[in-house]
Trainee: 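Handing you this structure, nothing more for now.
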Amino acid sequence: MTVRTSNRRVAIVGVGYSQVARNSGLSERHHAAQAAIAALADAGLKAGDIDGVGTWGGDAVDFAWMMGFDRLKWSLNVGVSPAFITPAYHAVQAVAAGHADTVMAFRIMMQQPSSAALAAGGAMLGAPNPGDTQWQYPYGDFSPTQWAGLLMNRYMHESDCTEEHFAKFAEVQRNWALLNDNALQREALSAEQYLSMPYITKPLRILDCDYPCDSGSAVIFTTEERARDLQQPAVFVDAMALSAIHDMNFEILPDMVRTSPAHCAELLWSRTGLKPSDVSTAHLYDGFSVITLQWLEALGLCPPGQAGPFVAEGNTSLGGKVPTNTDGGAINVGRRHGANFCIEAVKQLRGQCGARQVEGADVSVWANAVGPFSGAMLLTKD
Amino acid sequence: MNQPAPPPLPDDPSTAYFWEGTRAGELRILRCRSCGFYVHMPRPVCRNCQSMDLAGEKVSGKATLYAFTETHKAFHPFFVSRVPYLLATVELAEQPHLHFLTNLVGIAEADVRIGMQLEVAFEELSPEIVIPVFRPVAAMAEGSVAS
């Protein structure tokens, strides 16, 4: 006997957000419920249609019972991992294998303590490996902004990227956000304004960081057959990949430029007939700005070492070669930990992006995380 | 005004070799006794040959700067009075890609260059916590950084 699995084509049929806000005052369950209700309404499905749940944040079974979903055939809680792509990737596998038919993947994320609270004492950010903090804390290394500063400096050392390019990146992302009613940051921003802001971990400034908030995101995956009967134009998963190359200590990565996304992109392109030149829109994680630049290069959307100039020349803007982070990115829509990139890719392929719609978009890539681990998914129109 | 305490070390017998070493003015890195491979951060097994026979061993203290960032914001009370400070990833001379996170001292941020040669020095944060920090080789003649 072998385990019986199918090899079904998988579609995304529903997407939804909670009332995303800074210090929303709502619980994880509120954000999960709001996002689930929005995704069901988007798909035209009922709660009883969902028979599988995966989440990072909260508990899948708790959410399913709360929501009145069907008896679950499949469920998964993920911990520290490449953000939303982890529950999404495994949800696709569950549907493809025939172990569940209609699966909801969540990322529920509550705002973390501010740096002021950390400096005052009593608050600490979580550590993936508490035993390893003795190699970090005594040197004053507490915050992800610090490994991001290390990665930025090393990246600038090895590439043509400058601080002015990071400034341009912030401006380009904000220009996208100005076209998105759901962005939390919607005031015009110039590269000059970026450069006038203080450093946090030089060369990193606050506008290189995603914007802290409480958020809930939900995406519904189902079979091609079911997708054909639903109200939205179906968007298909063409290929996907997860990669892990190192333990969670970003600060001692052997190579801070060609990190996990390089491996992940290699896997992704080996699993599809599509090529980098086929990509209409890219949705690349921007927990820190340098991550998006690493992904542009890793995926082959621009030549190695050229992501800074590539962005500054307008190639990732509306009308550019590879419109990127068309929702404005997490720097502007708030920290949704990659779910926003999946959801925006789906909306681009459905043609529902209004003023920021990329004409004729038919292939979109979305990608999560950097450094030790990462994931990417290629989506297509019919 | 009382200076806040540095973050305490965990109670971890497996890394006693390191902290005893720094208090004695030595930088010790875990090394596999079967194949000679250095393992940092310390783990119970050698990732090169899978032997579980490892022990801390004194290294030269020579290193090359791989990456750095100047921290301007404090994320812990102890560091409020220390910002800005230089956090650095250095490659220890003993083995390619043997990266160690540390502080860079004795140099202004504007003068820091990736690839520069460094040497270890020791700084006492408390009687228990002595940390290895790194400074440019050329500055070594100017005396100890230890407080």
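Here is the naming used below: chain letters follow the sequence lines, and residue numbers restart at 1 for every chain.
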Trainee: For chain B, which residues of residues 108-119 of chain A have at least one non-hydrogen atom nearer than 4.5 Å to it?
Mentor: A/Ser115, A/Leu118, A/Ala119

Trainee: Could you verify whether a donor N or O on one side chain and an acceptor N or O on the other, from A/Thr201 and B/Glu70, lie under 3.5 Å apart?
Mentor: no

Trainee: Checking ring-ring contact (aromatic ring centres under 6.0 Å, His included) between A/Phe142 and each of B/Phe75, B/Phe79, B/Phe78, which is the one that passes?
Mentor: B/Phe79

Trainee: Is the backbone of A/Met256 close enough, under 3.5 Å, to the side chain of B/Tyr66 for a donor and an acceptor to pair up by distance?
Mentor: yes

Trainee: Most heavy-atom pairs under 4.5 angstrom with chain A, which of B/Pro7, B/Pro96, B/Ser14?
Mentor: B/Pro7

Trainee: Go through the atoms of B/Glu109 and report whether side chain, backbone, both or neither lie under 4.5 Å from a heavy atom of chain A.
Mentor: side chain

Trainee: Strictly distance-based, threshold 3.5 Å: is any side-chain N or O of A/Asn153 a donor or acceptor partner for the main-chain N or O of B/Ala67?
Mentor: no

Trainee: Once salt bridge (Lys or Arg N to Asp or Glu O under 4.0 Å) is applied, what residue pairs with a partner in residues 111-134 of chain A remain, sequence neighbours excluded?
Mentor: A/Asp132-B/Arg43

Trainee: Residues two or more places apart in sequence or in another chain: which of them pass salt bridge (charged side-chain N to carboxylate O under 4.0 Å, His left out) with A/Arg258?
Mentor: A/Glu158, A/Asp255

Trainee: Please flag which part of A/Leu253 lies under 4.5 Å from any non-hydrogen atom of chain B: side chain, backbone, both or neither.
Mentor: backbone

Trainee: Anything under 30° is parallel, anything over 60° is perpendicular, the rest tilted; go ahead and classify A/Trp135 against B/Phe100.
Mentor: perpendicular

Trainee: Could you tell me whether the side chain of B/His72 reaches within less than 4.5 Å of the side chain of A/Ile200, counting heavy atoms only?
Mentor: no

Trainee: When only heavy atoms count and the cut-off is under 4.5 Å, which of residues 143-151 of chain A reach chain B?
Mentor: A/Ser143, A/Thr145, A/Gln146, A/Gly149, A/Leu150

Trainee: At what distance, to the nearest 0.5 angstrom, does CD of A/Gln134 lie from CD1 of B/Ile129?
Mentor: 10.0 Å

Trainee: Provide the closest heavy-atom pair for A/Gly140 versus B/Tyr85 in the form atom of the first, atom of the second, distance.
Mentor: O-OH, 2.6 Å

